[in-house]
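Remarks on the structure that follows.
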Protein chains: 2
Amino acid sequence: MPATKGLASSVRMRDVAERAGVSRMTVSRALNKPDSVKPELRQRVFDAVEELGYVHNHLARSLSSSRSNVIGLVLPSLENSIFAQTVKGISDVLRPTGYHLMLAESPDNAEEEEQVISAFVAQRVGGLILHGTEHSPAAVRMLRASHTPVVENGDLPKDPIDMVVSYSNRAASKAMTLHLARLGYSKIVFAGLASNPRAEERQKGFLEALKEVGQSPDMQKIVRVSRGFVGGEEAIAHIAAHLPDTDALFCAGDVLAVGALFDCDRRGWAVPDRLAIASFDDVDLVRHVSPGITSLRLPRYEIGRRSAELLLQRINAKKSSVKKVDLGFEIVQRAST
Amino acid sequence: MPATKGLASSVRMRDVAERAGVSRMTVSRALNKPDSVKPELRQRVFDAVEELGYVHNHLARSLSSSRSNVIGLVLPSLENSIFAQTVKGISDVLRPTGYHLMLAESPDNAEEEEQVISAFVAQRVGGLILHGTEHSPAAVRMLRASHTPVVENGDLPKDPIDMVVSYSNRAASKAMTLHLARLGYSKIVFAGLASNPRAEERQKGFLEALKEVGQSPDMQKIVRVSRGFVGGEEAIAHIAAHLPDTDALFCAGDVLAVGALFDCDRRGWAVPDRLAIASFDDVDLVRHVSPGITSLRLPRYEIGRRSAELLLQRINAKKSSVKKVDLGFEIVQRAST
DNA sequence: TTGTAAGCGTTATCAG
DNA sequence: CTGATAACGCTTACAA
């Protein structure tokens, strides 16, 4: 049993207790509920903690109390800075509460996500925020069985695991397409990444809008491209080669749209006269290029804030009322359309 | 003691043991060292795990074994996608080992970092990777006292906490400045963010290079700007107003450089003829703008990979030899200079 | 190869 | 307000 190797740390609560001349429980209380301990003893405890360099063992605390102070966040990728705002929203809520946020990256596929979720559940996190919208049945079962409070962020799923805070990818995509139609564009092409559930919703929204304005929801108007700036170039190349009369390009992501814009520049295509460009997700970059790109502004920060709030409410079992929050979106019209 | 609220999960190892008709130890072994259990029993255990939806409790495991399977990573910000590669490097090493990476964001100041480090130590992580280079004395004491293996990433500090895997900000900055001088630029301005230790090292490198080419290390040649694209605009505005004969701008970050390039575009300044632009950190964006921006390519992925490797070696107490790894950098010459 | 007993460092409970 | 004791769920050490 002696911890000869591995996790060291050595100083235990009992050491602090001895040093301060009190029982372990008094130390525990001084640390967790300072007001419940007489000022004098409390001070002795704090001094002992300081002198010994004691660091509370949350492992033991969680095990014993059946409560964790960590919230897990699963993100599909860190390459995309769009999540930075969501993280900030979560942190701002969590900071004053004593909860800590730990994130893990997981590719956008249910199997790998299951590994990550499983690791978080194994650590018995107090709650989980998931960006992915497609989950393995095993992951869902695990989450439900463990009663881990969960908030999903990436879309408004039909059958949520637990709580949802998001916007509708389909509605946003549809709204932008209608916006383009209203501006007079009639040959709109949609460029998106290879299939993931949110990308598909965005496609559906695009097609729905076409139908609504009396056009055939033609799959030919959808181009599937690679990730990154190069994806935008691919979209333009496709248009140049196969759909030359296209008058507007709607990209399912900022980076794609900027890549497309750069490529138009190189080709001498005037934006928006030869081709209008619109994008999904209003990151800083799209308003700094020229022309600025018309974009969908999504409530990234707010999603983080509300997610954390709901999680804390559920954990503290105050309200369990709210299950689904649709935070909407906004169209930012710029010079590119 | 009953877990009436909070962490639920209910299914314990003993439940699995009963169901499989074996002792808890056999379950434990089947889970952790499958080969040490007879195939038949092992299968019974796995079946029971499956049927009951059991998820291993790593809290209890770590507490009991004094070993953790999580590695913590502290990043100054997620806004900057430069860290995505480092995270990938770490993940690639960790994935096959059963270790899990958990990241936390911490602003670039020692006090807030201390909170985050403290949380990780409280969770008794198996190892820690820190990007910040400036740490509070308390944080260092805590890390040393807990014997947590630590790798620092952001620079090559004089007095490392434990291990270091990085490049030299000063050397990189100096090399790029000398590169510009070699190309014939003689009125070089350096634009950087408000002070953090790495930013200061970059300034020093710039000034050292100036001295080396026989120029006065003049603080007037250093502009302090805001974060983001707007910082690049500020740099150009400063040059236009106060240092109009500047022939090259060296930005201590990509986004700054791109912001500067965009602003030159708007002003009708030809790059590199009116003004050459170079940047720190070779992200995707800088080679997609036109002209492509000359940049310092830093070994982000490799830093992650080596950091994780060193950490695992230290944890497994194989080699404790390597303490400091300088991974260098590379200058990528493009059309902007 | 499997089982038994003790303990990891904390907190819940209840008595004082 | 403080302390003794028994868990929390797992693994180490040792015995069979």
Side-chain angles (χ1 to χ4, degrees), chain A residues 1-45 49 52 54-69 98 121-124 126 146, chain B residues 1-45 49 52 54-69 98 121-124 126 146:
Chain A
M1 277 121 287
T4 43
K5 80 184 226 183
L7 260 41
S9 182
S10 45
V11 183
R12 282 125 48 235
M13 204 178 246
R14 77 180 299 154
D15 301 319
V16 176
E18 274 173 24
R19 174 95 181 197
V22 297
S23 73
R24 278 177 299 171
M25 270 317 297
T26 300
V27 177
S28 175
R29 282 192 271 252
L31 259 29
N32 294 314
K33 257 187 121 192
D35 292 340
S36 69
V37 176
K38 231 190 239 167
E40 190 206 318
L41 287 192
R42 192 199 310 153
Q43 194 51 52
R44 292 223 308 263
V45 169
V49 164
L52 265 33
Y54 170 72
V55 180
H56 204 146
N57 188 333
H58 285 33
L59 244 46
R61 193 240 292 261
S62 295
L63 180 60
S64 180
S65 67
S66 302
R67 282 180 148 288
S68 160
N69 66 153
V121 174
Q123 304 292 342
R124 300 299 191 266
S146 64
Chain B
M1 277 122 289
T4 44
K5 79 185 226 181
L7 261 39
S9 180
S10 45
V11 184
R12 282 124 48 233
M13 205 178 243
R14 75 181 300 156
D15 301 319
V16 176
E18 275 174 22
R19 175 95 180 198
V22 298
S23 73
R24 275 179 299 171
M25 270 317 298
T26 301
V27 177
S28 175
R29 283 191 270 252
L31 258 29
N32 294 314
K33 258 188 122 192
D35 292 340
S36 69
V37 176
K38 232 189 236 167
E40 190 207 317
L41 286 192
R42 192 198 309 152
Q43 195 51 52
R44 291 222 311 261
V45 169
V49 164
L52 265 32
Y54 171 71
V55 180
H56 203 146
N57 188 333
H58 284 28
L59 242 48
R61 193 238 292 258
S62 295
L63 180 60
S64 179
S65 66
S66 302
R67 285 179 146 288
S68 160
N69 67 152
V121 174
Q123 304 293 341
R124 300 299 191 265
S146 65

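First the proteins, then the strands, lettered A, B, ... as listed; each starts at 1.
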Once you measure the plane-to-plane angle for A:His56 and A:His58, does it fall in the parallel (<30°), tilted (30-60°) or perpendicular (>60°) bin? perpendicular
With a 3.5 Å distance limit and no angle check, can you tell me whether B:Arg42 reaches the backbone of B:Val37 through a side-chain donor-acceptor pair? yes
Could you tell me how far apart A:Gln123 (CD) and D:dC10 (P) are, to the nearest whole angstrom? 13 Å
Can you figure out which of C:dT11, D:dG9, D:dT11 approaches the side chain of A:Ser64 most closely? C:dT11
Using whole Å, report how far CG of B:Leu59 lies from P of C:dG9. 14 Å
When rounded to the nearest 0.5 angstrom, what is the spacing between NZ in B:Lys38 and OG1 in B:Thr26? 11.0 Å
Between A:Asn57 and A:Arg12, does any side-chain donor sit less than 3.5 Å from a side-chain acceptor? no
Tell me, please, which residues at least two apart from B:Arg19 pass side chain to side chain donor-acceptor pair (under 3.5 Å). B:Glu51
Is the shortest side-chain heavy-atom distance between B:Val16 and B:Arg24 below 4.5 Å? no
Figure out the NE2/P separation between B:His58 and C:dG9, and round it to whole Å. 20 Å
Among D:dC10, C:dT11, C:dT2, which nucleotide has an atom closest to any side-chain atom of B:Met13? D:dC10
So, does A:Ser62 use its side chain to make a donor-acceptor pair with the main chain of A:Arg67 at under 3.5 Å? yes
According to a strict under-4.0 Å criterion, is A:His56 in side-chain N/O contact with OP1 or OP2 of C:dT11? yes
Scan residues 28-40 of chain A against DNA chain C and write down, sorted by residue number, each residue with any heavy atom closer than 4.0 Å; if none is found, say none. A:Ser28, A:Asn32
Let me confirm one number: the CE-CD distance from A:Met13 to A:Glu18, rounded to the nearest 0.5 Å. 13.5 Å
Counting only non-hydrogen atoms, which of residues 20-27 of chain A are less than 4.0 Å from DNA chain D? A:Val22, A:Ser23, A:Arg24, A:Met25, A:Thr26
Nearest-neighbour nucleotide for the B:Arg12 side chain, C:dT11, D:dC10, C:dG9 considered: D:dC10
For A:Ser36, is there any backbone N or O sitting under 3.5 Å from a side-chain donor or acceptor partner on A:Arg29? no
In whole angstroms, how far is the C1' atom of C:dC8 from the CZ atom of A:Arg14? 12 Å
Send over the distance from A:Arg44 CZ to D:dG3 C1', rounded to a whole Å. 14 Å
Atom CZ of B:Arg67 and atom P of D:dT11: how far apart are they, to the nearest Å? 13 Å
A:Leu63, nearest nucleotide to its side chain (from C:dT11, D:dT2, D:dC8): D:dC8
